[in-house]
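This structure is a prediction, so every number in the text was calculated from the model and none was measured. As the structure lists them, so they are numbered: ligands from 1, and atoms in each ligand from 1.
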Amino acid sequence: MNAITKHVWHVTGMDCASCVAKVTKAVERMPGVSDVEVNLMAERLSLTLAAIDGASPDAVVRQVEGLGYTVRKFDPSMAVGRPSQAPHAHAEGEAGHHHDSTHASESTLDIDPHWYESSKARIVFLLGALVAGAYVASHAVPEGSYWLYLAATLVALVPFGRRAIALARAGSPFSIETLMCVAALGAVIIGAAAESALVVLLFAIGELLEGVAAGRARAGIRSLVAMMPRTAMRRRTDGSLEEVPADALRRNDTVLVRPGERLPCDGKIVEGQSALDESPVTGESQPVSRGPGDSVVAGSVNANSALVVRVTETGADSTLARIARMVQDAAASRGATQRFIERFSAIWTPAAMVLAILVMTVPPSLFGGDWSVWVYRGLAVLLVACPCALVISVPAAMASGLSAGARSGLLVKGGAALEAIGTATVVAFDKTGTLTRGKPKVTDVLSVAGASREDVLALAAAVEANSSHPLAKALVEEARRLGLAIPPSSDAVAIPGKGVVAKIEGQAVGVGSPTWAEEDGRTIGPEFAAARGELENSGKTVAFVYRADLPFGVVALRDEPREDAAEGVARLRDLGVSAVMLTGDNPRTGAAIASGLGMKVLAGLSPARKLEEIQAMRRNGVVAMVGDGINDAPALAAANVGIAMGGGTAVALESADAAIMRDRVTGVPELVELSRATLTNVKQNVAIAIGLKLVFLVTTVAGITGLWPAILADTGATVLVTLNALRLLQWKAQ
Ligand code: ADP
Ligand code: MG
């Protein structure tokens, strides 16, 4: 075996970002290992392994287990978070074969063991009993109390000491475990054995609480996909039904979904008409009506009548699973704030250790202080140096904010995108399909003398037959509706933002904006000039049709603004964010629609000019661009943050930094509100973490508080920060 192999494991027991750093560092040092990626929210470790001496998946597992974490094979279907209790055989000892889809999903991924059953809880119970025992016994034999507490401390230190040594060997000598062990041993040496035992106990309780809190944050993300049913009713070729595990579905299978059931897959409706609650993906719990040919997504509830659905995506490929993965990955992708915190805490620990040594040595040696007093204070400073609360402050808030958003159909790809949305000063909207429904309707048709309106429509439809522009679709649809004979066309060329030209019966025929026609040296003819102005002023888009360089007719189309467009723009204004419409449509049409919505407009823009305008806006602030994510990918990329809106499609997710899974403009102010709420939460967390540390640093050095308040401050801050972050899970779009 010469190949480089990719491995993925499921690692439990990582509660904060510093655990992530420890695991990453420990594994990266191993021979043959590269591309290490540790995802805290997904509890996932992935890496590539070169086939060289000493490199083996088992060695990686041993290394990580040595640090005190539990390692299991990772099954991609488990990532979907489906609580499968199916009793499949589980093959052991093949850590590399994670692609093997035959082995079972373990329910443990989805349901954390009860906190009191975890290994951390066992340590707490054992230590609690030991310390309590020492306390009771020390009353019986007061003169032996030092030795009793010493024994309790030493026993208690065994698990943490082992981990500290493993971490030191794996490249992290200044771990919180090391700090705690040094402080506890130091305290024993200077005679403070009872306090030392208490410190270790509090540390263990802190670890337990962190684990519980981190589990809650993960549960927030998991609840997204808890809606995936475990089984499906598959239709056999003879029409009979069989119940199969949802994993067993394949593309193009047909399944029956009865009223009240959730969809087991993404698919297209073959038969039936029903109302669907698509809230797992869109956040909208109001059922929407779906019928034959409509796309439906896994996790939706079929509200009223049976549907037959053809499977398009299953399991890990379903939209819902993609969303869950995206949220998990997003929680791991760090914004500027988090990177700053990480740099900061990297200096924090060594700095605090230096300070601890200074506290221990300077006052007694230079100012005649009492050695035991100052060594004690120095040890307490060591405990204050634990940066866990600070390190977890940002990711905990981000994870909660991102998963709360996902439940409202608002997806953000990571910390950087969230920061940009929360600080955006301008939101630029694409007009067609974003502010408007994107389904223009033909309203007026004018023809030159000698031709009929039907001739104009038929010719326009022939030119547009193969183009995907919304205007093109509307023209073709109208011609079909009227039952017109559409002549064959060839050599169609689309000029983006302008129009289309094709050959019909040997003649060049064009359909496009009048401005473009005039730029090309044609005249739209006096008969249409007046009508054009009037149509455009009423918010209609005029498509000019010419044949053999001569005007042939004019078709006016109107694309209605979305119902909530005006409200969305108004809410943005209330948030202090200005909204600008960018459109390739002509200035009169653009102005007519924009003034109805109460927003600014930049019209007549070619796709390239749209990019320039966005760049210009970026010079004055943070710009978010909202578009459909398909036609507008370049504009979305040009902004500080691109937001794709619509359709509940996974495509939009790939092209943008954030996505609104429902077609609604009000999703944009909601995203801004969510981002701001998250950023506020991050600030509160950083303030809590740093504030508490500073307070205890001062009180410790001043001798007001001692060892156990110092460790309690760390644990308390971590728990406070996590609880504060969990508040964000309650966030709901208004
Ligand atoms: P928007 O910015 O509203 O999405 P586009 O940039 O796609 O608009 O197009 C700008 C203008 O170019 C349209 O308003 C229309 O007048 C013209 N146009 C572009 N493509 C076509 C087409 N296929 N058929 C007719 N007109 C078109
Ligand atoms: Mg467009």
Check whether the side chains of T678 and N681 place a donor and an acceptor atom closer than 3.5 Å, and report yes or no.
-> no

Without hydrogens or angle criteria, can the side chains of D564 and T666 be said to hold a donor-acceptor pair below 3.5 Å?
-> yes

Measuring from the heavy atoms of A494, does anything fall under 4.0 Å of ligand 1?
-> no

Sub-4.0 Å heavy-atom approach of A543 to ligand 1 = no

Take atom CZ in R522; do more than 12 heavy atoms of anything else shown fall under 6.0 Å from it?
-> yes

Non-neighbouring partners of E519 that pass side chain to side chain contact (heavy atoms under 4.5 Å, CB included), sequence neighbours left out | K498, T515, W516

With only distance considered, is [X] within less than 3.5 Å of ligand 1 through an N or O on each side?
X: V500; result: no
X: E464; result: yes
X: K498; result: yes
X: L605; result: no
X: D585; result: yes

Distance, nearest 0.5 Å, that separates CD of E670 from CG of L575 = 10.5 Å

Nearest-0.5 Å distance, CG of residue L471 to OG1 of residue T432 | 7.0 Å

If you measure from the Lys or Arg side-chain nitrogens to the Asp or Glu carboxylate oxygens, is any gap between K439 and D559 under 4.0 Å?
-> no

Enumerate the atoms of ligand 1 whose separation from the nearest heavy atom of T541 is less than 4.0 angstrom.
-> 14 (O), 16 (O)

Counting from 1, what ligand 1 atoms have a heavy atom of S467 closer than 4.0 Å?
-> 23 (N)

Name the option, out of G584, A603, P607, S468, that contains the heavy atom nearest to atom 10 (C) of ligand 1.
-> G584

Checking heavy atoms under 4.0 Å, the part of T583 that sits near ligand 1 is both

